[in-house]
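Naming: A, B, ... by sequence-line order, numbering from 1 per chain.
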There are 4 protein chains.
Amino acid sequence: MLVSAKRAGEQGGRTFTEEARRAQIVRAAIDTVAEHGYPHTSFSKIAQQAGLSSTGMISYYFAGKAELFDEVVATVLRAAEEFVGPRLQREQTYRAKLRVYIESNLAFMAEYPGHTLALAEIVLGTRDRDNVPVGAVNQATASLDVLVDCLDKGLAAGEFADLEPRVMAVAIRGAIDNTLRHHMLTPDVDLEAYGRQLADIFDRATRATA
Amino acid sequence: MLVSAKRAGEQGGRTFTEEARRAQIVRAAIDTVAEHGYPHTSFSKIAQQAGLSSTGMISYYFAGKAELFDEVVATVLRAAEEFVGPRLQREQTYRAKLRVYIESNLAFMAEYPGHTLALAEIVLGTRDRDNVPVGAVNQATASLDVLVDCLDKGLAAGEFADLEPRVMAVAIRGAIDNTLRHHMLTPDVDLEAYGRQLADIFDRATRATA
Amino acid sequence: MLVSAKRAGEQGGRTFTEEARRAQIVRAAIDTVAEHGYPHTSFSKIAQQAGLSSTGMISYYFAGKAELFDEVVATVLRAAEEFVGPRLQREQTYRAKLRVYIESNLAFMAEYPGHTLALAEIVLGTRDRDNVPVGAVNQATASLDVLVDCLDKGLAAGEFADLEPRVMAVAIRGAIDNTLRHHMLTPDVDLEAYGRQLADIFDRATRATA
Amino acid sequence: MLVSAKRAGEQGGRTFTEEARRAQIVRAAIDTVAEHGYPHTSFSKIAQQAGLSSTGMISYYFAGKAELFDEVVATVLRAAEEFVGPRLQREQTYRAKLRVYIESNLAFMAEYPGHTLALAEIVLGTRDRDNVPVGAVNQATASLDVLVDCLDKGLAAGEFADLEPRVMAVAIRGAIDNTLRHHMLTPDVDLEAYGRQLADIFDRATRATA
DNA sequence: CATGAATGAGGATTCATTCAT
DNA sequence: TATGAATGAATCCTCATTCAT
């Protein structure tokens, strides 16, 4: 006798079907944000994109706007981590890891442009009523820590010279994200070449001065 | 036929009084966006901030939301240009100009945090119905050209080595903007020190490799 | 053809199991109304209170909202009748019965505050689309007849003087219910003492004038 | 030169026109509650009743459901006070005042049945999320104090015997309200006669025992 | 010039109910 | 018998914009 398909796939108290629906909605939300921008993303647009007949369905699966977009952010970050992480671990030196971090982030953007764009939109657009960024952003900034960690260790290993890890990390992350933004405006640029050049820039910036 | 007193002071077909009103509204819009975030900025919040009794006035002076926020962006960019421009011209070498560009941009942020924050919010939040960035953003990206120009000339003068001006410019601009974003989240950082370190990073990145 | 085991225990065409489920749901409905108020009582809150996993169960056992709340009212009235009835019969004179009616009604309220509160909420909140009270209320008002009957007979027996039974009954019932309402707002009052005083009031009101 | 009509009629910072609109909406709300019951009273029903084209108008004039219904309650209580108050003051003895209180309350109900019904509905239907009655009710219960005060003073003056003013007041108020409720269900009763009989009841109840 | 009342579309969310399994 | 996913109407509320004055 088989355990029912539903119960088998539970995650966090949710059934397989529930999880599937949530994933479907999250995917639709990502696409909608990427296409229309976060401020113009409404439940009805998402429902339409997902092929759902009403916005009620979304409220049925997500407690509210916040929960939905928190999950969107988590999903995108997870996808990015799964894309970038293995490539990072393959490298031996921290200098090589840094180069791969930059290049594979841009490669991820090239492969999932919607994901990255949506992430940026949501992180900037999501505030509580005191204009303080909410949960989603904490996750997003947490992703900066991977980079800080890499720089920290590389510094300790003597591979990098003369840098404040967090300042550098913020710069690198900003450079990457802004590159995506420009890529969105002028989609004809070659992201792979861009990635190499960006990596060159920060490779040089982390070298010891003569 | 006499030119009316009003018409004498025109700017783009508008009278002094009109310009004053528009400026008042633009100022209020900047403050409102900075305080509540672009998604929570409505005409009524702006009217309230400006001390106006109704939103009708705003619609009276601006053809629509787009026109208002275009003017906000233009105003902020003008302020930034007026702040950064003179400091740039004071320097002789392009390398020095680059350093000053970075430092004075962060200094501008420190002095007018609302302006910069509002700009970032609006640029990301303002799209037409096809999600194409509107006029505002074109202006914003235009501001990148100053930086590209500086790098271009410095390259020609042999001051910088080995860089693609536009790639570098996008990286620098992104690094600066992301620094502001982090400053907003953790307001205790010293923007002046940050500016120096950021300038160091890109100073090194533009040097010839040994 | 055999009568099935299930059918053997029918009540109004329903099996034991069905009755048990209905009772469980009715109990949950009473508690929910008492806790959250009728306007905030939804099927999902009731299902939650009953430990059911979905509202579908409720719709399955009750034809609709109206049927459920009709049964709630009937249940509460039955409980009140079972509480008050025997105490009433124990008394010999109608004057004594009247006193016991008042006191035991308040005692019932003290013992089952949720029941009484729920009843009041539902009676006021349940209307059909023409604002005509539905079945539930008819039952509720029917409960007034017990009181009218007591007054009628006492009058005939010469125990009460000078009163119109229905007017008096409405007054007494209103006084009792309003006492509960005040008890809900200020729960520190002693319902037993209140009951005695209330009984005193109407005991005096039913005496012949000197 | 005349002060503008608008400014002339201000009340609490509101213009004449605003006040008129608010009054119109409040009147429509009273009628709607009286006709459909509080639980079935929605902004759209009120807007329809008021002849307004959208519910937006109501939100435009009232900060929310709570503010609207608070004003409804205040309006009804004011009307009742204006009706009952003068009649009360005309009487010399507290015993006479008590009789007039009861009779004129029923007379008010006869004249403005919608008002009283709406009041009862709202007071019972309005709770915050902890099921605690809100502001409106405080006003409503405050109206009980007039009665308590009358009984208190009559007791001190030796006009009433042997009663706990608050218990008596709650009883009287409950009797009055329940009489209205029955009047609503069976509209053929003569409220004036009812009022006299109700007054008789409590007149007798407050007499000294022989 | 300026006002502020009015509009109506669109926002998220909750609800009772249905239906296939 | 029981489930829970799906529905879509209805909830209150906010919004940018218009228009008569």
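Screening B:Asp31, B:Ile30, B:Thr55, B:Leu68 for a side chain to side chain contact (heavy atoms under 4.5 Å, CB included) with B:Ile46, the sole residue that qualifies is B:Leu68.
Residue order along DNA chain E, read from the 5' end via each residue's closest nucleotide, puts D:Met57 first among C:Lys65 and D:Met57. A residue-by-residue look at D:Ser44 and B:Ser44 shows that D:Ser44 has its nearest nucleotide of DNA chain F further toward the 5' end. If you find the closest nucleotide of DNA chain F to B:Ser42 and to D:Phe43, the one lying nearer the 5' end belongs to D:Phe43. Nearest-nucleotide mapping onto DNA chain E: of A:Gly64 and D:Tyr61, the residue sitting toward the 5' end is D:Tyr61.
Between the side chain of B:Lys45 and the main chain of B:Thr32, no donor-acceptor pair closer than 3.5 Å is present. In this structure, D:Arg22 contributes its side chain and D:Phe62 its backbone to no donor-acceptor pair below 3.5 Å. Between the side chain of C:Glu18 and the main chain of C:Thr15, a donor-acceptor pair closer than 3.5 Å is present.
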Would you tabulate the nitrogen or oxygen pairs shorter than 3.5 Å linking the protein to nucleotides 18-21 of chain F?
none

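Atom CG of B:Leu68 and atom C1' of F:dC15 are 15 Å apart (whole Å). When rounded to the nearest whole Å, the span between CD of C:Glu18 and P of F:dA2 equals 8 Å. What separates CD1 of B:Ile58 from P of E:dT3 is a distance of 11 Å, to the nearest Å. Remark: P of E:dG11 and NE2 of B:His40 are 15 Å apart, rounded to the nearest angstrom. Nucleotide F:dT17 holds its P atom 10 Å from the CZ atom of B:Phe69, rounded to whole Å. E:dA5 atom P lies 14 Å from atom CG of D:Leu52, rounded to whole Å. As rounded to whole Å, 12 Å separates atom C1' of F:dC15 from atom CD1 of B:Ile46. D:Lys45 places its NZ atom 14 Å from the C1' atom of F:dC12, with the value rounded to the nearest Å.
If you check every strand for non-hydrogen atoms under 4.0 Å, A:Ser54 touches a base.
Pairing partner, E:dT21: F:dA2, with both Watson-Crick or wobble hydrogen-bond distances short of 3.5 Å.
Ring centroids of A:Tyr38 and A:Phe69 are separated by less than 6.0 Å, placing the two rings close together.
The number of heavy-atom neighbours closer than 6.0 Å to CD of D:Glu67, taken from other residues, nucleotides and ligands shown, is above 12.
Regarding contacts with the backbone of E:dA6, a side-chain N or O of D:Arg21 is found under 4.0 angstrom from either OP1 or OP2.
Side-chain atoms of C:Arg27 and C:Gln24 include no donor-acceptor pair closer than 3.5 Å.
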